[in-house]
Amino acid sequence: MISLLVISDIHASDNDLADDNAVSWYSTLAAYDLPTRNPFHGIPKLLKDEKLPVDLLICPGDLADCAVPTSQERAWKSLERLRDEIGAKRLVATVGNHDVDSRTKFSPFDPKTNLQSLSPIFPGLSEEQCDFFWSRNFVVFDEGAVRFVVLNSAAFHGIHSGDPANAHKEYLHGRVSDKTIEAIVSKLGGKKYKLNILLMHHHIYKNDHITSTDYSEMTNGEALIRKLIEISDARWLVIHGHQHYPDLFYARGAARSPVVLSAGSMSRRLTGALSTRALNQIYHMELPFSDFDAIGWNPCGVIRSWHWTDKIGWSRTSFARPESASIPFGSGFGCRKDPDVWANEISLEFKSRKVAYLNWATLMEHLPALRYVLPADLRGIIGALRDKHNIRTLKDDDGFPAQIGKP
Amino acid sequence: MSASDSTPALFDTYNARFLDPRTIARSFIVPHAAFTLLCKNENSLVIGPRGSGKTTLMKMLRPSALRAWQHESKAEYIKSLLFHAVYVASDSGWSSRLALVKPDHPEYKIFEILQDATFVTYSMMSMLEAVSEASSIEDEDDEALQKFRIRLNNNKEGELSSELAKRWQLDLEFSSFRAMQFALDDRIGLIDHIYFQIASLEKRVNLAELEKFPFLSIGLVAAIKSFVTTVNELCEDADRIWAFCIDEVEILHPTLELSLLKSLRSTKDQRIRFKISASPFSRTQFTQADSTAPMGGHDFTPITLTYARKHESVRFSRQMLEALLREAGLLTSPHRLFGSSRFEPSRPQSRGGKKGPYAKGGQRYSALKGLEKDDPTFADYLRRRKIDLENVDSKTEDARAEIRKLIQIAEIRREFGVTNILQTPGGSIARYRSRKRIGDLYTGAESLLTICDGNPRWLIGLMRPLIDEAKRRHRVSRSAQARSISTAIARFLSLLTTIPFPHTSQGELPITKIIDQIGEFFFADITNRDFKTEPFLSFVIDKHLNERELDAIGAALNQGAFVFIPSQENEHCTGDIRDKRFRVSYLLCPRYKLPLMYGQPAALSRILHRRTSVSSIQYTLNDLLYTE
């Protein structure tokens, strides 16, 4: 088993939370260093109360808003302190578009100077690995049977053509170059791992949930994914941030396409259409990689998520919320069986027991893969049970199925 | 329910209402006499002010609490329990809606029906919770708890749910306890919806229309009987007894409160018991002519959670404090931590060595000798009674009894009494010896424990800051103790100020002004007159107080500002407080510089209608003593 805590798009800022135009719920002002005003405060207790260990603390980028150096340093220190408080072995991050001073506000010639000057060294690995990361735009390391690829999808931010006619604003999107893809493929070599995790900032696919004019996905991203699938036996989990739109899905492709966690922002203040649908979230992921074969799905796991409300703190995100851009606490992922097929199996199991009702926990003991269905698929199963088998479902306090029975 | 019943209570954060049974059990210190009575297989009425432990006691009857409780006598208590407890919490929200509507409102009857239905529905949830709790008892649990166990598999649970749903008129998704819970939640939602439709004038509803909702006619007793019959039949235990523990009935609407209290009257159904908790005062009273009124001692056992006798409250408070000290990791005694109290009862003479308190130079000797020197009336008393302070130490405990009773009065007079009385053309003016806010007199272990008045919540609130201090410094200074007392009093008074007392010339006064009058009256009686062995230190609520004044006094009583003093064993105070005797809570005594004891009663109406300054005191004994 490997446990990850994913905290993305912090966008730390020295804004005053009382200001309607504040960009971030994580204010570096001392006045807001309180449990219900500083999102970092309550996380150790949350994990302790829920009895959730963490092996790695992951940050897919955008430490501070607009690369403000003091806020960047503050966010990095907060992550480091959190790593220690929760007992994680490592803090691993990657570069977001807000981490690079691509508009050269703070340095006239080096958009990465502050990021590269952070202590401990960014992105949190050994000096050698960090040097590799900065020189090759990626780094590979392993944590036992799990291999990580950390990609810098903002590697070319701050670079643009001097010719105004050909000026290309690289900072508007992510990119992985062909050269980088080749280098990654070469580095991965023929080694076998139970699980591969790709960490980057930008998303692979265009995000048209909110707006149809999104162009900020990572250029060449799909090419990278195709290559990764080709060369590796083990499946991939992709973790990214950037759009602040929480989503959990299977990448385009065939049965071995990666699982993608598009992490929401921990603390960027959401505005416009996004604010009515998305939540500020953090995620705890558990991947039982030693049991993938027994479970039958790879990768698979469970995500527990909480959302932040200023002046209240962290709350579990309920499955019962109307379908929107949030990942519910206790979501599964990895099992791609059709919901109708599931409903048939569940119905047979229920009938065979000849009982008045059946607890969902009991069902999961006998059908373990049920734990790992996506929230959308779970809703499909509940619907199919009701519509095709007249089996009703009752929920628990988190909104997840708790019992099934026939009227 | 009056507005003041919704006043928060002192140290409300320690309110057991917000705690689950397991958490309560972990810190439960058993008031032996009260809990033993409550465990008996009979109807009970638990009476006490806010914070006295009513909710804690009721919740402790639940198997989930008993399971978590660690106590050497746990098995014995459980053995004595012959019933399953169903805990039903009252909610002021149920009645507050009805309180907004006048009785002459055209839809008042409908609101009443909705309120009753809300209460019955929540009671159904409690019953469901109780049977779920009983079915979750496992083989690994205490053997003593096994008698409460109800063995249910899925199908039996389904059968039970289905049958109960039929009787309670619930539509279930399918047959399970969870489905019943959802259906009951939906019912609450439906009742709320009807209520708001009427309240917002969206729709006029008449009684005939309510027939669309037949569940509204299910009363509490009917719901209980359905539950008991169904569960007992399914468990094949026809005689299983269920006790319905209804907490804080005084926050319900009077009609509902009255009907619940009526249920205390013995019923023919031996499978059902009622255990009800209430505050001492309530406007809800049975009339003299009401033959259905339950009688204490006959239909129910009254259990009073206040202590007329100080040693009982101190003993209980000591046990609680020792538990708090253990929890904090402090392996010391209250006496070591807080020091001795000047009010402490004298200890028996120790053998060889240490000076007794009445020996020359001893604490009591010094106090009495000091007063003899400064107070001619006390010296005169000693002479008349032929008491020689030089040889009190050599007398037996029994022989010292008379002197022992005087210690507190003597200490008060010595500390705060009048040094002289100046005669002026207008009358006498008294000059008080000491104006210290909270004197050292009230510090020390015994005094602190007495001041808590056996109220668990007050004890926790008073002691927690002192325990924190003890963890830092290993001892608690007198000034820290005085500060804690002072803070507790200030907080208590700030709560009490919200209770209005009618005043003819000034409209309304806060009840604290009335308490001040009472306190000052008692203080004046101790310190201004000649030395008295039995000063006025209690009052009786006589017939000259009007209804509004009674309401205010009653509200203060329910907060714990006053404590009932029964005139005979088993007398209890509930509902009507006329002709009953009370003292000021020991928590407030430091404010008025009163001894931590009670004394002779005075008629309250006379206390309130007299000024208490020394210059005005001309009254005779007959003016003050309570007479019919």
Side-chain angles (χ1 to χ4, degrees), chain A residues 35-36 45 48-51 312-313 315-316 318-322 330 343 346-367 370 378-379 381-407, chain B residues 13 18-23 26 64 121-122 124-126 128-129 131-138 150-190 230-231 233-235:
Chain A
T36 53
K45 184 175 185 304
K48 187 177 174 200
D49 290 346
E50 301 266 14
K51 296 187 176 55
I312 292 176
S315 315
R316 285 184 175 189
S318 171
F319 180 76
R321 289 180 79 93
I346 293 169
S347 174
L348 283 170
E349 181 69 30
F350 179 67
K351 279 185 196 148
S352 72
R353 287 167 177 264
K354 297 184 174 39
V355 289
Y357 70 87
L358 194 54
N359 287 327
W360 198 260
T362 309
L363 256 183
M364 287 200 292
E365 277 169 28
H366 291 269
L367 304 168
L370 189 56
L378 190 55
R379 290 192 173 94
I381 293 170
I382 294 168
L385 283 171
R386 181 188 60 236
D387 300 336
K388 295 181 181 168
H389 303 276
N390 198 24
I391 292 175
R392 308 295 167 85
T393 310
L394 291 178
K395 296 173 280 200
D396 63 16
D397 292 339
D398 289 320
F400 269 92
Q403 266 183 10
I404 56 169
K406 279 204 171 194
Chain B
T13 43
F18 309 122
L19 302 176
D20 66 273
R22 275 173 289 276
T23 306
R26 278 199 283 272
S64 52
T121 308
Y122 277 109
M124 290 172 176
M125 288 180 184
S126 299
L128 189 62
E129 200 177 344
V131 77
S132 292
E133 207 172 47
S135 69
S136 69
I137 295 173
E138 290 167 348
I150 294 178
R151 291 175 192 269
L152 291 176
N153 56 25
N154 282 15
N155 284 336
K156 277 225 152 176
E157 182 185 319
E159 210 180 308
L160 178 56
S161 305
S162 176
E163 192 54 38
L164 263 180
K166 219 182 304 176
R167 291 175 186 238
W168 287 351
Q169 297 174 32
L170 291 168
D171 286 322
L172 303 184
E173 285 278 19
F174 49 84
S175 300
S176 75
F177 286 166
R178 185 178 285 270
M180 287 198 68
Q181 181 64 48
F182 272 75
L184 289 167
D185 283 339
D186 286 346
R187 178 166 288 177
I188 294 291
L190 174 59
T230 307
V231 174
E233 265 175 24
L234 201 90
C235 303

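Chain letters run A, B, ... following the sequence lines, proteins first and then strands; every chain starts at 1.
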Margin query: Can you tell me which portion of A/I391 sits under 4.5 Å from chain B's heavy atoms? Options are side chain, backbone, both or neither.
Written below: neither
Margin query: Using every non-hydrogen atom in the two residues, find where A/A356 and B/G158 come nearest and quote the distance to one decimal.
Written below: CB-CA, 3.8 Å
Next item on the list: Taking ring pair (Phe, Tyr, Trp, His ring centres under 6.0 Å) as the test, write out the residues that go with A/F319, two or more places apart.
Entry: A/F400
Next item on the list: Apply ring pair (Phe, Tyr, Trp, His ring centres under 6.0 Å) to A/F350 and list each qualifying residue two or more places apart in sequence or on a separate chain.
Entry: none
Item checked: Which residues share a side-chain hydrogen bond (donor to acceptor under 3.5 Å, both in side chains) with A/K48, sequence neighbours left out -> none
Output the donor-acceptor atom pairs between chain A and chain B under 3.5 Å, with atom names and distances to 0.1 Å.
from   : atom 1 : to     : atom 2 : distance (Å)
A/K354 : O      : B/N155 : ND2    : 3.3
A/A356 : N      : B/N155 : OD1    : 2.9
A/Y357 : O      : B/N154 : ND2    : 2.8
A/Y357 : OH     : B/N154 : OD1    : 3.4
A/Y357 : OH     : B/E157 : OE1    : 2.4
A/Y357 : OH     : B/E157 : OE2    : 3.1
A/R392 : NH1    : B/E173 : OE1    : 3.0
A/K395 : O      : B/R178 : NH1    : 2.9
A/Q403 : OE1    : B/S176 : OG     : 2.6

